[in-house]
Undergrad: 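What follows is a structure written as C-alpha cells; I'll ask about it next.
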Number of protein chains: 2
Amino acid sequence: MSRGVEWAVHCCLDLAWAGNGEAVPVSRLAAFYDLPVAYLNKQVQALVRAGIASSVSGPRGGFRLARRPERISLLDVVTAIEGTEPAFRCAEIRQQGPFGGTPESVTGPCLVDQAMRRAELAWRRELAAQTLAGLAEAVERAAPDVPDRARRWFDSHT
Amino acid sequence: MSRGVEWAVHCCLDLAWAGNGEAVPVSRLAAFYDLPVAYLNKQVQALVRAGIASSVSGPRGGFRLARRPERISLLDVVTAIEGTEPAFRCAEIRQQGPFGGTPESVTGPCLVDQAMRRAELAWRRELAAQTLAGLAEAVERAAPDVPDRARRWFDSHT
DNA sequence: GGAGAACTACTCGGATAACCAGTGTCCGAGTTGTAAGGG
DNA sequence: CCCTTACAACTCGGACACTGGTTATCCGAGTAGTTCTCC
C-alpha cells in the first residue's frame with residue numbers, strides 16, 4: 001500500500017483540529033511531519049479530487065476538510081489515495097489454456113475471485129466503520145493535550 | 001497485489017484434484033492456463049518455501065500439496081506469495097517534525113496504525129476461514145464436471 | 001540372460017535482465033494582500 | 001484623505017525525472033529412467 005495513505009490520514013486529523021475556518025497550506029503540514037512538500041501536495045490533491053478536502057489558492061490559501069469529520073470515513077481517505085480498484089484483480093485465467101474456449105467451462109462467476117472479494121469487502125467494511133471524528137476522539141481520550149498542542153502550533157506558525 | 005496469487009490459488013486447486021499421489025510438473029500447470037512456465041515455477045517455489053507444497057526433481061517429478069486441502073487456507077497461499085508484512089506499514093511520522101523529539105508525544109501506540117491493522121486483521125480472518133477443500137467443494141457444487149475434466153486432462157497429458 | 005555402469009532426458013532451483021507503478025522534484029497559473037500614485 | 005491600479009508574494013496544480021519491486025527469462029544442479037556393455 002502506498003506510503004501516502006499514512007500521510008493523508010494524519011493530515012486529515014490535523015485539518016480537523018487546526019481547521020477552524022482557516023485553510024492550512026501544505027507547507028505547514030509538511031513541516032509538521034518533516035515530509036517532502038511537493039509530494040505531500042500531490043497526495044492532498046488526491047483528497048481534493050475525491051471531494052474530501054477543498055483547496056484555496058493564493059496567500060492565506062491552503063486546504064481544509066470539505067465535510068465534517070463525522071462524515072469522512074477511513075475508507076474514503078484510503079480510496080482517495082489508492083484508488084477504487086480492488087487489490088486482487090481476477091484475470092480469469094480459468095478461461096485461458098486448452099479449456100478456456102469451451103463455453104461450458106464458464107459456469108457462474110469465478111469462485112476464487114469471489115472469495116478474495118469477500119475478504120476485501122470485510123477490510124473495506126472495517127475501514128468504513130471508522131470515521132475521522134471517531135479516530136480524533138480516540139486520540140483525545142488517549143492523549144488529551146495532543147490536539148490542543150497541534151492546534152496551537154498550526155495557529156502560531158502563520 | 002501480485003498477479004501470482006491468482007495463479008497460486010488456481011494451481012493449488014488443480015494439485016488437489018489432479019494429485020492422486022502423482023507429482024504434477026509446472027510445465028503442465030502452465031500449459032493448462034497458458035502462463036509463462038518459468039515465472040509460474042517461481043511462484044510455486046514460494047509455495048514450497050512456505051511449506052504448502054513439496055517438490056520432486058527429475059523425470060516423473062513435479063509438485064504436490066504438502067498437506068491435505070482441509071489444512072490449507074487461502075491466507076496460507078496469499079502470505080506464501082505476498083509475504084507476511086502488512087500492507088499498511090506505520091512509519092511513525094507522528095514522531096517526526098518539531099513535535100517528534102518530545103517524549104510526551106508518544107503516549108501509547110499510533111491509533112491510525114491500530115485502525116489499519118484492525119481492518120487488515122478482518123481481511124486475514126476472512127481469508128483464513130476459507131480452506132482449499134472448502135473452495136474445491138464450492139466449485140464442485142457449482143460445476144460438478146470441472147474437477148473431473150481437469151483430473152482427466154492432467155492424467156492424459158503424461 | 002542378468003547385473004552394472006554410463007548416458008540421456010527431464011525437473012526443480014536460484015541467479016540474472018526488462019518493465020512499470022510509486023516516489024520525488026520542478027516550474028507555471030491563479031489569487032490575494034499591499035503599496036504606490038493620482039485626484 | 002480616499003480611490004484606483006499596478007505589483008509582488010504566496011499557494012495550488014499539473015508536467016517532468018528517478019527508484020524499488022514486480023514481471024519475466026535463462027541456465028545450472030540433481031535425479032530417474034533407459035540403454036549399452038560385459039560377465
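So that the names make sense, note that chain A is the first sequence line, chain B the second, and so on, each numbered from 1.
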Undergrad: Any base atoms under 4.0 Å from Val37(B), or only sugar-phosphate, or nothing? Heavy atoms, all strands.
TA: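 Nothing, no heavy atom under 4.0 Å.
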Undergrad: Cut-off 3.5 Å, no hydrogens considered: what does the side-chain donor-acceptor table look like for residues 3-10 of chain A, sequence neighbours left out?
TA:
unit_1, atom_1, unit_2, atom_2, d
Glu6(A), OE1, Ala91(B), N, 3.0
Glu6(A), OE2, Ala91(B), N, 3.1
Glu6(A), OE2, Glu92(B), N, 3.2

Undergrad: Provide, to the nearest angstrom, the distance between the CD atom belonging to Glu22(B) and the P atom belonging to dT11(C).
TA: 13 Å
Undergrad: What is the separation between atom CZ on Arg3(A) and atom C1' on dG21(D), rounded to the nearest whole Å?
TA: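 Computing the Arg3(A):CZ to dG21(D):C1' distance gives 16 Å.
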Undergrad: If I take atom CG in residue Leu29(B) and atom C1' in nucleotide dC10(C), what distance separates them, rounded to the nearest angstrom?
TA: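 These atoms are roughly 16 Å apart.
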Undergrad: In this structure, how many angstroms lie between the C1' atom of dT23(C) and the CD atom of Glu6(A), rounded?
TA: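 In whole Å, dT23(C) C1' and Glu6(A) CD are 15 Å from each other.
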Undergrad: Return no unless some side-chain N or O of Ser57(A) is found under 4.0 Å from OP1 or OP2 of dG13(D).
TA: no
Undergrad: Listed by chain and number, what are the side chain to side chain donor-acceptor pair (under 3.5 Å) partners of Ser73(B), not counting sequence neighbours?
TA: Asp76(B)
Undergrad: Which residues satisfy the side-chain contact (heavy atoms from CB on, under 4.5 Å) test with Ser55(A), sequence neighbours excluded?
TA: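 Applying side-chain contact (heavy atoms from CB on, under 4.5 Å) to Ser55(A) gives Val48(A), Phe63(A).
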Undergrad: I need the minimum non-hydrogen distance between Val26(B) and Val37(B), along with the two atoms involved.
TA: CG1-CG1, 4.1 Å
Undergrad: Indicate whether OP1 or OP2 belonging to dC10(C) is found under 4.0 Å from a side-chain N or O atom of Ser27(B).
TA: no
Undergrad: Please identify each residue that fulfils side chain to side chain donor-acceptor pair (under 3.5 Å) with Asn41(B), with sequence neighbours left out.
TA: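 Side chain to side chain donor-acceptor pair (under 3.5 Å) check on Asn41(B) returns nothing, list empty.
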Undergrad: For the side chain of Pro25(B), counting heavy atoms from C-beta on, which of dT11(C), dC10(D), dC12(D) is nearest?
TA: dT11(C)
Undergrad: Which heavy atom of Pro69(A) sits nearest a heavy atom of Ala16(A), and at what distance?
TA: CG-CB, 3.9 Å
Undergrad: Using a cut-off of strictly less than 4.0 Å between a heavy atom of the residue and any atom of DNA chain C, enumerate the qualifying residues of residues 38-54 of chain B by number.
TA: Asn41(B), Lys42(B), Gln45(B), Arg49(B)
Undergrad: May I have the distance from Trp7(A) (atom CH2) to dT23(C) (atom C1'), rounded to whole angstrom?
TA: 8 Å
Undergrad: Of all the nucleotides listed (dT23(D), dC12(C), dA24(D)), which has the minimum atom distance to the side chain of Ser2(B)?
TA: dT23(D)
Undergrad: With 3.5 Å as the limit, what N/O pairs link the protein to nucleotides 17-20 of chain C?
TA:
none

Undergrad: Flag the pair Glu22(A) and Arg60(A) as a salt bridge only when some basic side-chain nitrogen lies within less than 4.0 angstrom of an acidic carboxylate oxygen.
TA: yes
Undergrad: Nearest-Å distance, CZ (Phe63(A)) to P (dT31(C))?
TA: 15 Å
Undergrad: With a 4.0 Å cut-off on N to O distance, would you call Asp155(A) and Arg152(A) a salt bridge?
TA: no
Undergrad: To check you understand the geometry: which heavy-atom pair defines the closest contact between Trp17(A) and Arg151(A), and what is its length?
TA: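 Where Trp17(A) meets Arg151(A) most closely, the heavy atoms are O-NH1, 3.3 Å.
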Undergrad: Could you state the atom-to-atom distance from CZ of Arg89(A) to C1' of dT23(D) in whole Å?
TA: 11 Å
Undergrad: Expressed in angstrom and rounded to an integer, what is the separation of Ile81(B) atom CD1 from dT22(D) atom C1'?
TA: 13 Å
